[in-house]
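Numbering of ligands and ligand atoms starts at 1, following listing order. For reference, positions follow the sequence shown, starting with 1. Quick note: numbers below take in every heavy atom, side chains included, and nothing from hydrogens, waters or symmetry partners. Everything numeric in this text was worked out from a predicted model, so none of it was measured.
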Amino acid sequence: MDCLFCKLVAGEIQPDKVYENEFVLGFKDLYPQAKEHYLFISKEHTTHANEMSENHPEQLSHIFDAIRDFTKSNSLEKDGFRIVNNLGPNGGQTVFHTHFHVLGGEKLRGFGA
Ligand code: AMP
Ligand code: ZN
């Protein structure tokens with residue numbers, strides 16, 4: 001399948017990994033939008049969060065468990081962070097393998113902040 005993030009999972013492209021378990025991969029975003037910017041994906045392909053929720057809801061738990069473990073292991077949980085998911089063209093999704101952005105390392109603006 002011609003999917004960028006499946007290629008990362010397969011090791012065809014080497015991401016800057018920050019977290020891995022049997023279900024989930026976490027890695028640095030190549031074009032960070034905050035001082036710290038990570039992406040968390042399931043190793044199994046789905047196209048977007050609604051498809052994941054409908055067909056593989058357990059993957060949502062795996063991803064959020066991974067984000068919890070990761071952000072507890074550094075200062076992100078203590079200092080605060082933001083989880084973002086983009087779905088489809090109006091949401092700004094550009095990679096069609098479900099992923100959750102974890103942004104932090106500084107005070108984030110927008111969304112009423
Ligand atoms: P989205 O716009 O929500 O689909 O997010 C896709 C994200 O993937 C963007 O923030 C990109 O900067 C990021 N990205 C694209 N290619 C790579 C890559 N090879 N490694 C890490 N992040 C990437
Ligand atoms: Zn994929």
Side-chain angles (χ1 to χ4, degrees):
M1 187 191 296
D2 193 23
C3 168
L4 176 64
F5 288 173
C6 282
K7 287 182 180 152
L8 297 191
V9 171
E12 290 171 37
I13 301 168
Q14 303 293 332
D16 199 344
K17 280 185 203 175
V18 297
Y19 185 94
E20 183 167 20
N21 66 25
E22 69 177 301
F23 305 114
V24 174
L25 196 59
F27 53 93
K28 289 187 181 173
D29 195 294
L30 205 53
Y31 305 101
Q33 303 296 313
K35 281 193 178 145
E36 294 190 57
H37 187 173
Y38 309 102
L39 299 174
F40 280 75
I41 65 173
S42 170
K43 290 182 176 179
E44 297 288 332
H45 180 90
T46 57
T47 301
H48 55 57
N50 278 1
E51 189 193 318
M52 179 178 278
S53 168
E54 186 159 1
N55 296 331
H56 299 283
E58 73 287 352
Q59 292 182 6
L60 286 168
S61 310
H62 293 322
I63 287 177
F64 278 79
D65 286 351
I67 291 173
R68 184 194 63 234
D69 289 349
F70 175 66
T71 56
K72 275 182 179 295
S73 74
N74 52 40
S75 61
L76 280 165
E77 184 187 83
K78 180 171 63 67
D79 294 339
F81 63 93
R82 182 176 293 162
I83 297 172
V84 173
N85 174 257
N86 297 324
L87 195 159
N90 280 359
Q93 186 177 6
T94 59
V95 177
F96 293 89
H97 179 128
T98 311
H99 53 280
F100 290 83
H101 299 255
V102 171
L103 298 140
E106 63 183 314
K107 177 87 176 156
L108 300 169
R109 301 284 157 204
F111 297 102

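When each of L39, I67, I41, N86 is tested with F100 by the rule side chain to side chain contact (heavy atoms under 4.5 Å, CB included), just one qualifies, namely I67. The side chain to side chain contact (heavy atoms under 4.5 Å, CB included) with F70 is formed by just one residue from the set V24, L76, D65; it is L76.
Counting only protein N, O or S atoms, 4 lie closer than 2.8 Å to the Zn ion (ligand 2).
The protein residues lying under 4.0 angstrom from ligand 1, judged by non-hydrogen atoms, are L4, F5, F27, K28, D29, L30, Y31, L39, N86, G92, Q93, T94, V95, H99, H101.
When the shell of 6.0 Å around CD of E44 is examined, it contains 12 or fewer heavy atoms from other residues, nucleotides or ligands.
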Stepwise, does the side-chain contact (heavy atoms from CB on, under 4.5 Å) test hold for L25 with F5? CA-CA 10 Å; L25 196 59; F5 288 173; over 6 Å; no
Verdict with reasoning, E20 to K43, per salt bridge (Lys or Arg N to Asp or Glu O under 4.0 Å): CA-CA 10 Å; E20 183 167 20; K43 290 182 176 179; 2.8 Å; yes
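Panel note: side chain H99, backbone H97; a donor-acceptor pair is recorded below 3.5 Å.
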For a quick test of your reading: what N or O donor-acceptor pairs under 3.5 Å do the side chains of residues 9-16 make, sequence neighbours left out?
residue	atom	partner	partner atom	Å
Q14	NE2	G11	O	3.1

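Taking a 4.5 Å side-chain heavy-atom cut-off between Ile, Leu, Val, Met, Phe, Trp and Tyr, the cluster of Y31 extends to L30.
The shortest distance between side-chain heavy atoms of V18 and K28 falls below 4.5 Å.
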